[in-house]
Enquirer: 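Here it is, the structure, as structure tokens.
These numbers were taken from a predicted model, which means no experiment stands behind them.
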Amino acid sequence: MSARLSSATDYAALLDKYDTWMFDCDGVLWHGDRLIEGAVDVLSLLRRQKKKVLFVTNNATKSRKSYKGKFDQLGVEAHVDEIYGSAYAAAVYISSVIKLPKDKKVYVIGMKGLEEELRDEGVSFLGGTDPADCTVAPFDLADFTPDPAVAAVVCGLDTAINYTKLSKAFQYLTLPNAAGRCHFLATNEDSTYPAGAGLLPGAGAISAPLRYALGRDPVSIGKPARTMLDCIKAKVDYDPARTIMVGDRLNTDILFGQAGGLATLLVLTGITTEADITGPNASNIVPDFVTSSIADLHLGVAGK
């Protein structure tokens with residue numbers, strides 16, 4: 001059963017117990033372009049107490065550099081090396097785990113941020129934001145000449161998704177390939193994501209047509225997969241026993257923390273609601289701690 005935090009003493013004990021704090025962003029720190037009240041104060045509190053602060057997001061539309069721009073715009077202190085997104089993790093996975101040869105390419109269903117991370121990792125790609133693939137014209141297989149260098153397809157959130165991109169990706173994933181079977185990767189499998197005014201389809205919904213057409217699941221890179229945590233471990237020295245993952249979503253954030261042996265704190269300002277964790281239909285994913293909002297952590301100062 002989760003421990004429901006409520007008193008200043010509860011929050012003070014939590015602050016003392018953990019040295020590294022990993023935060024999801026959408027639904028925890030902000031909604032769209034609107035900060036969650038108290039988020040900046042709590043992050044400042046953690047930094048004053050010499051805690052390590054990391055931001056772990058499944059958002060694959062932005063590179064770490066451009067994501068920092070959002071932090072800056074909202075007045076949230078963050079450094080590029082504190083930000084771990086699924087676009088970055090996917091690029092690292094392709095370059096360092098798959099070790100895609102330099103003469104091979106990736107076909108991208110995704111946006112500028114994913115392309116930027118691939119470029120920074122030295123990975124060649126096509127598709128993505130290429131105007132030729134963002135067309136609304138009907139796709140004609142007779143006009144398509146596949147690039148024989150494509151050895152992987154990576155699919156992230158793409159707000160310009162269309163039949164042309166899906167068709168080209170499908171072709172690459174089914175055509176014979178001299179290098180072997182084409183890798184099928186997803187930056188993450190979030191079914192939805194919280195926008196400013198509500199929910200919209202997430203990256204998992206974008207890759208779903210390919211999964212259905214292929215009868216094949218992609219390798220998912222982002223939360224709750226361990227790949228994201230391996231990426232962080234390669235860059236940050238932390239003790240899992242003194243690390244806590246703060247998130248708003250049970251099947252990504254909380255599972256991610258549990259898979260890595262981290263403590264987990266669920267906040268109720270995003271996807272997960274009270275009904276999801278209580279009553280007869282409650283999820284079997286149980287966080288260690290639950291609180292209404294990240295802002296509640298500020299009460300820990302009063303508890304000391």
Enquirer: Starting from Val236, can I reach Val80 by hopping between I/L/V/M/F/W/Y residues whose side chains sit under 4.5 Å apart?
Expert: no
Enquirer: May I ask you to test the Ser293-Val267 pair for a side-chain heavy-atom distance under 4.5 Å?
Expert: no
Enquirer: How far does CG of Asn251 sit from OG of Ser283, to the nearest 0.5 angstrom?
Expert: 8.0 Å
Enquirer: If two hydrophobic side chains count as joined below 4.5 Å and joins carry through other members, does Leu126 share a cluster with Leu185?
Expert: no
Enquirer: Can the ring centroids of Phe71 and Phe55 be said to lie less than 6.0 angstrom from one another?
Expert: yes
Enquirer: Looking at every non-hydrogen atom in both residues, tell me the closest pair between Lys165 and Cys134 and how far apart they are.
Expert: NZ-SG, 3.7 Å
Enquirer: With side chains defined as the heavy atoms from C-beta onward, is the minimum distance between Thr243 and Lys52 less than 4.5 Å?
Expert: no
Enquirer: Carefully, step by step, assess Val154 and Phe125 under the rule side chain to side chain contact (heavy atoms under 4.5 Å, CB included).
Expert: CA-CA 10 Å; Val154 62; Phe125 61 86; over 6 Å; no
Enquirer: Taking only residues two or more places apart in sequence, or in another chain, which ones meet Phe256 in a ring pair (Phe, Tyr, Trp, His ring centres under 6.0 Å)?
Expert: none
Enquirer: Please round to the nearest 0.5 Å and tell me the distance separating atom OG1 of Thr57 and atom CG of Asp190.
Expert: 8.5 Å
Enquirer: When you measure from the side chain of Asp288 to the backbone N and O of Thr264, does any donor-acceptor pair fall under 3.5 Å?
Expert: yes
Enquirer: With side chain to side chain contact (heavy atoms under 4.5 Å, CB included) as the test, would you mind laying out the steps for Leu229 and Met22 before giving the verdict?
Expert: CA-CA 11 Å; Leu229 197 61; Met22 297 185 185; 4.2 Å; yes
Enquirer: Determine, for Arg4 against Glu274, whether the closest basic-nitrogen to carboxylate-oxygen distance falls under 4.0 angstrom.
Expert: yes
Enquirer: Could I get the full list of side-chain hydrogen bond (donor to acceptor under 3.5 Å, both in side chains) partners for Ser95, not counting sequence neighbours?
Expert: Glu121
Enquirer: Please find the pair of heavy atoms, one from Ala225 and one from Ser220, that lie closest to each other, and give the distance.
Expert: CB-O, 3.3 Å
Enquirer: Can you confirm whether the side chains of Thr272 and Asp248 place a donor and an acceptor under 3.5 Å from each other?
Expert: no
Enquirer: Treating Lys17 as the side-chain partner and Ile244 as the backbone partner, does any N or O pair qualify as donor plus acceptor under 3.5 Å?
Expert: no
Enquirer: Tyr11 and Val53: same hydrophobic cluster, using ILVMFWY side-chain contacts below 4.5 Å?
Expert: yes
Enquirer: Got Asp81 and Lys235 here, is their nearest side-chain heavy-atom distance under 4.5 Å?
Expert: no
Enquirer: Quick one: pull up CG in Leu54 and OH in Tyr238 and give me the separation to the nearest 0.5 Å.
Expert: 8.5 Å
Enquirer: Output, in order, the C-alpha distance, side-chain angles, deciding distance and verdict of side chain to side chain donor-acceptor pair (under 3.5 Å) for Asp230 and Thr227.
Expert: CA-CA 5 Å; Asp230 291 341; Thr227 309; 5.5 Å; no
Enquirer: Within the distance-only criterion (no hydrogens, no angle test), does the side chain of Asp133 pair as donor or acceptor with the backbone N or O of Thr164 below 3.5 angstrom?
Expert: no
Enquirer: When rounded to the nearest 0.5 angstrom, what is the spacing between CZ in Phe184 and OG1 in Thr174?
Expert: 11.5 Å
Enquirer: Thinking salt bridges, do Arg47 and Glu77 make one under a 4.0 Å N-O criterion?
Expert: yes
Enquirer: Any idea which heavy atoms bring Pro201 and Leu157 closest together, and the distance?
Expert: O-CD1, 3.7 Å
Enquirer: What is the minimum heavy-atom distance between Gly222 and Ser86, and which atoms define it?
Expert: CA-CB, 4.1 Å
Enquirer: For Gly127, is there any backbone N or O sitting under 3.5 Å from a side-chain donor or acceptor partner on Lys168?
Expert: no
Enquirer: Is Val40 reachable from Tyr67 through a run of I, L, V, M, F, W or Y residues, each pair having side-chain heavy atoms under 4.5 Å apart?
Expert: yes
Enquirer: Do the side chains of Thr252 and Ile271 get nearer than 4.5 Å, heavy atoms only?
Expert: no
Enquirer: Same cluster or not: are Ile254 and Leu262 linked, directly or through other Ile, Leu, Val, Met, Phe, Trp or Tyr residues, by side-chain heavy atoms under 4.5 angstrom apart?
Expert: no
Enquirer: Which ring-ring contact (aromatic ring centres under 6.0 Å, His included) pairs, counting each pair once, include a residue from residues 73-118, with sequence neighbours left out?
Expert: Tyr107-Tyr172
Enquirer: Give a yes or no answer on whether the side chain of Glu117 reaches the backbone of Val92 with a donor-acceptor pair at less than 3.5 Å.
Expert: no
Enquirer: Do the non-hydrogen side-chain atoms of Asp253 and Met245 ever get within less than 4.5 Å of each other?
Expert: yes
Enquirer: Are any of the side-chain heavy atoms of Val219 and His183 separated by less than 4.5 Å?
Expert: no
Enquirer: In this structure, are over 12 heavy atoms from other groups packed under 6.0 Å from Asp239 atom CG?
Expert: yes
Enquirer: Yes or no on side chain to side chain contact (heavy atoms under 4.5 Å, CB included) for Asn58 and Thr187, after CA distance, side-chain angles and deciding distance?
Expert: CA-CA 7 Å; Asn58 269 356; Thr187 58; over 6 Å; no
Enquirer: Before giving the answer on side chain to side chain contact (heavy atoms under 4.5 Å, CB included), spell out for Thr291 and Asp10 the whole-Å C-alpha distance, their side-chain angles and the decisive distance to 0.1 Å.
Expert: CA-CA 11 Å; Thr291 195; Asp10 291 339; over 6 Å; no
Enquirer: Could you state the interatomic distance from CZ (Arg211) to CZ (Arg216), rounded to the nearest 0.5 Å?
Expert: 12.0 Å
Enquirer: Taking Arg249 first and then Asp24, would you say they form a salt bridge - that is, a charged N and a carboxylate O separated by under 4.0 Å?
Expert: no
Enquirer: Report yes if some heavy atom in the side chain of Thr269 is under 4.5 Å from a heavy atom in the side chain of Ile294; otherwise report no.
Expert: no
Enquirer: Do you know which two heavy atoms are closest between Ile206 and Asp158, and how far apart they sit?
Expert: CD1-O, 3.8 Å
Enquirer: If the threshold is 4.0 Å, N to carboxylate O, is there a salt bridge linking Asp120 and Arg64?
Expert: no
Enquirer: State the CG-OG distance between Asp217 and Ser207, to the nearest 0.5 angstrom.
Expert: 9.0 Å
Enquirer: Between Asp276 and Thr273, is any side-chain donor less than 3.5 angstrom from a side-chain acceptor?
Expert: yes
Enquirer: Ignoring hydrogens, what is the shortest heavy-atom contact between Ala295 and Gly38? Give both atom names and the distance.
Expert: CB-CA, 3.9 Å
Enquirer: So, do Val246 and Leu297 sit near enough that their side-chain heavy atoms are less than 4.5 Å apart?
Expert: no
Enquirer: Might you confirm whether atom OH of Tyr163 has over 12 heavy atoms from other residues, nucleotides or ligands at distances under 6.0 Å?
Expert: no
